Amino acid sequence: MENLKNIQPIEDFNWDALEKGDSYGEVSKDDLVKTYDETLNTVKDKEVVMGTVTAMNKREVVVNIGFKSDGVVSMAEFRYNPDLKIGDEVEVYIENQEDKKGQLILSHKKARATRSWDRVNEALEKDEIIKGYIKCRTKGGMIVDVFGIEAFLPGSQIDVKPIRDYDVFVGKTMEFKIVKINQEFKNVVVSHKALIEAELEQQKKDIISKLEKGQVLEGTVKNITSYGVFIDLGGVDGLIHITDLSWGRVSHPEEIVQLDQKINVVILDFDDEKKRIALGLKQLTPHPWDALDPNLKVGDKVKGKVVVMADYGAFIEIAPGVEGLIHVSEMSWTQHLRSAQDFMKVGDEIEAVILTLDRDERKMSLGIKQLKADPWEDIESRFPVGSRHAAKVRNFTNFGVFVEIEEGVDGLIHISDLSWTKKIKHPSEFTQIGAEIEVQVLEIDKENRRLSLGHKQLEENPWDVFETIFTVGSIHEGTIIEVLDKGAVISLPYGVEGFATPKHLVKEDGSQAAVDEKLQFKVIEFNKEAKRIILSHSRIFEDEQKGAKKEASEKKSSAKRGGKKEEESAMVTGPVEKTTLGDIEELAALKEKLAGK
């Protein structure tokens, strides 16, 4: 209260001015405005100035450029810089000092664009690391916002490892190096890979210098191909061949590993410059053969799964990494050549018998036919000589027919044992593959697993009868069924065939007999063992002509002898006695009889 008592009113206070709103007293308003303006920065429209971030939220950034009001910039213009914070200095472009609302209008994007080209060139010259915002994906790479310029980031320059999904990089802010500028077209190419290559190169040198065969390292699956897996060992790549992924069969590496998977690998080999490094995965575990049951031996039965098929056989996996081969010849007792696919397929679970076992070479052969009895063990009792059986034609050769009586029991019918009467040039004339045929066992060769079979033996030998019918000199009607260079084949009665040479096919009028012509033929040779009948048509009329000539000659001779006898009888006056040997006719008869004996 005492202080208030000491306060004295201003004698010359202008109450009228106060009522009018003019409270500046003796100092003019213009002077005050001038004084205030001197405390502010002098700015002009369309120029770039530096400002300080004073406030920010998700949508806007408030920037103080030392002007009478602060400017507001959209947060989207700072998306390339996610680390922006209050107090950071940023460059802005003054679009308008004062809009209709008296607001200072600023743009950070235009400020960057104004100076961007100079800064891009400067960054290239100084090999400077810059930040950029990945805006979107494009063909072959990405579009990156660098200083407000849209630069191109090739897919191969994103990382040192192949990128499978570009979309995960969209919207990210990353560090880059400018690697190329096209001044004419204002194109800029940036690289993120270049930033890490230098570091990786040093790591690579360190890793390579320490590489040793047998060394176990951790790596990352970088790429998977049909033939193997590429592993990133920390800047150095190595290859695990598909055969070194697992002791068992692997159809594709994806069965064992996945992309980006971290695995331990062992170094198997590398070249002198250590540029090619061979790695192994299966070598980190013991070989399955070493863990195989030591009591397993030849003759034991095992179960397994068919993993690989070939025409010559099948590979059976009886344990992971332990396989045995069943050759096609060990799949069935039959001797017919068949493909292994006829017996089994990949994935089948089967039982087999161990035939050979080599633990040192890690090889095993198996068989499945051994699960059944060998059909040749009791062949003599089941198929004795002389027994008759039904068989199936399996194959032809020029000399006979191979047939199968039952699975594993085959035999051969020689071409000469097919028919008693027909002359067969090839078995296909008599039967066909797959046909049923009756056979008789002629001979057993157990050691070589062969049966000699016959078909004609099912019937009696008709040549015993033919011998009495087609005697030499007998005449029969026949039809020419085939004409060859050396003669003709003639079909005779009872289904038998004969042969006549060309000279015996000449007819009485001098012409040659033709195919399908029916004529009389005389048997001039019969060979039962060779089943050969030689015929002649010409001999029939030739013999008749000879007989006629002989008869005429005999009559002439008889007439001459009769005249001579009359002369002799006229000359003899006394009786004539007979000789002791009888007359001439009796002598001739005796000679014929002796000759017959």
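Quick note: residue numbers are just sequence positions, from 1. Please read all numbers here as calculations on a predicted model, not as lab measurements.
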So, do E323 and V308 sit near enough that their side-chain heavy atoms are less than 4.5 Å apart? no

I'd like to know whether F526 forms a side chain to side chain contact (heavy atoms under 4.5 Å, CB included) with T471, so could you lay out the CA-CA distance, the side-chain angles of the two residues, the decisive distance to 0.1 Å, and finally the verdict. CA-CA 7 Å; F526 181 90; T471 57; over 6 Å; no

Between D83 and K131, does any NZ, NE, NH1 or NH2 come within less than 4.0 Å of an OD or OE carboxylate oxygen? yes

Mind checking the CD1-CD1 spacing from I405 to I379? Nearest 0.5 Å is all I need. 7.0 Å

Output, in order, the C-alpha distance, side-chain angles, deciding distance and verdict of side chain to side chain contact (heavy atoms under 4.5 Å, CB included) for M364 and V322. CA-CA 9 Å; M364 180 190 308; V322 179; 4.2 Å; yes

May I have the step-by-step check of salt bridge (Lys or Arg N to Asp or Glu O under 4.0 Å) for R394 and D410, ending in yes or no? CA-CA 9 Å; R394 286 294 186 184; D410 297 342; over 6 Å; no

Atom of I481, atom of V515 and distance for their closest heavy-atom approach: O-CG1, 4.1 Å

Check whether any side-chain heavy atom of T173 sits under 4.5 Å from a side-chain heavy atom of R79, and report yes or no. no

Please test K135 against E150 for salt bridge (Lys or Arg N to Asp or Glu O under 4.0 Å), starting from the C-alpha separation and ending with a verdict. CA-CA 9 Å; K135 297 175 65 176; E150 289 190 347; 2.5 Å; yes

Taking side-chain contact (heavy atoms from CB on, under 4.5 Å) as the criterion, tell me which of V257, I263, I256 meets it with I240. I263

With a 4.5 Å cut-off on side-chain heavy atoms, are L366 and I354 touching? yes

Kindly write out the residues that satisfy ring pair (Phe, Tyr, Trp, His ring centres under 6.0 Å) with F466, not counting sequence neighbours, or none if the list is empty. W463, F470

With the side chain counted from C-beta on, respond yes when K177 and D127 share a heavy-atom pair under 4.5 Å apart, and no when they do not. yes

Are the charged groups of K372 and E406 less than 4.0 angstrom apart, N to O? no

Less than 4.5 Å apart, side chain to side chain, heavy atoms only: is that true for K193 and P154? no

Any heavy-atom pair between the side chains of V441 and L453 that's under 4.5 Å? yes

I'd like to know if the side chain of W289 and the backbone of R359 have a donor-acceptor N/O pair within less than 3.5 Å. no

Hey, are R532 and E525 close enough for a salt bridge, meaning a charged N less than 4.0 Å from a carboxylate O? yes

Any L268 side-chain heavy atom under 4.5 Å of K213 side chain: no

Contact check, side chains of F343 and D348, non-hydrogen atoms, under 4.5 Å: no

Is D290 atom CG crowded by more than 12 heavy atoms from other residues, nucleotides or ligands, each under 6.0 Å away? yes

Take atom NZ of K305 as the centre, draw a 6.0 Å sphere, and report whether it contains more than 12 heavy atoms from other residues, nucleotides or ligands. no

For atom NZ of K301, is the number of surrounding heavy atoms from other residues, nucleotides or ligands below 6.0 Å larger than 12? no

Sorted by chain and number, sequence neighbours left out, ring pair (Phe, Tyr, Trp, His ring centres under 6.0 Å) with H504 holds for none

Atom CD of Q432 with >12 non-hydrogen neighbours under 6.0 angstrom: no

